[in-house]
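This report concerns only the one structure given below.
Note that this is a predicted model, so its numbers are computed, not measured. Throughout, numbering of the chain's residues begins at 1 and tracks the sequence.
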Amino acid sequence: VLHLRSAESTRNSMLQELAHDLRTPIASLKNLIETLKVGRKKLDENKTEEILTLSLKEVDYFQRLVEDLLFMARMSDPYYRPTLQKVDLAQIVQSEVQGHILSRQLSDKGPQAMLKGEVQDVWVHGDEHLLRRMVRNALENAFSFAQEKVDIIVSKQDRQALIEIIDDGPGPSLGAMEMFGRKRITRSLATEQHGGRMSVGLGSVIMAAIANIHRGKVGLSKAQNKGALLSIHIPI
């Protein structure tokens, strides 16, 4: 009963926060469309293109939000059961890192990724789709703040699979470290340095939920030299 009450309280709190944050993109999108409708004859080509680009970013924000909320709702369903099997976590990390490296090479911009050390087989009992989503979210989080590079290390420690993702960004605040995986951050429009990506901060909540399903945990801390260290522990 206490667990259900806590879950319901958390759900209500998140819905209130999301409803509050949705006011901003809705108002922004409305203003952009009204500007095109009223002043389209007076706008030059560059200004029109800028308004359309901003509008598409707002739509992309809504799309990511809906996908994340549907994902979380599915995992919160009491009848939801993940498809558990023997999965090579190291192979998943390697595949996702290579995908990011390829996309960065094609776009020729942004920080670069590097898988450090010798990657060995790290087998866990889990849902491959969920684990892949968790790793992808972790990499996206690191790339959002990295300036030049993101280092990834996969290892085994005390019957635990350990994934460490280190970026060279400004580093997390004390509040961000304390609330990582438990509470979403305020909606923000990232700068061009961060790829112009808007986020509602549900990525860390999803990562924590997936890790919890696999009896693991995620954490965020300051890196030794600079930036953030995102660590994922999953029992082998």
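Without hydrogens or angle criteria, D88 side chain to D121 main chain gives no donor-acceptor distance under 3.5 Å. A donor-acceptor contact shorter than 3.5 Å links the side chain of K222 to the backbone of P172. Counting only distance, with no hydrogens or angles, the side chain of D127 and the backbone of T83 share a donor-acceptor pair below 3.5 Å. The closest donor-acceptor contact from the side chain of H129 to the backbone of P82 lies at 3.5 Å or more, if one exists at all.
Distance NZ/K116 to OG/S155: 12.5 Å, rounded to 0.5 Å. To the nearest 0.5 angstrom, L54 atom CG is 11.5 Å from N31 atom CG.
Under the 4.5 Å side-chain contact rule for hydrophobic residues, F71 and V218 share a cluster. No continuous path of hydrophobic side-chain contacts links V97 to L162 [ILVMFWY only; heavy atoms under 4.5 Å].
In terms of heavy-atom proximity, S95 sits nearest to R132 at OG-NH1, 3.4 Å. Residue F143 comes nearest to A113 through the heavy atom pair CZ-CB, 3.6 Å, listed as atom of the first residue, atom of the second, then distance. Contact detail for V124 and I236: the closest heavy-atom pair is CG1-CA, 4.2 Å. Annotation for A142 and D167: closest pair O-CB, 3.7 Å, computed over non-hydrogen atoms.
K156 NZ: more than 12 foreign heavy atoms inside a 6.0 Å radius.
Of the options I234, V154, V87, a side chain to side chain contact (heavy atoms under 4.5 Å, CB included) to V122 is made by V154 and by none of the others. Between S55 and the options L29, D60, T35, a side chain to side chain contact (heavy atoms under 4.5 Å, CB included) holds for only L29.
Looking at K149 and M114, their side chains never come closer than 4.5 Å, going by heavy atoms from C-beta outward.
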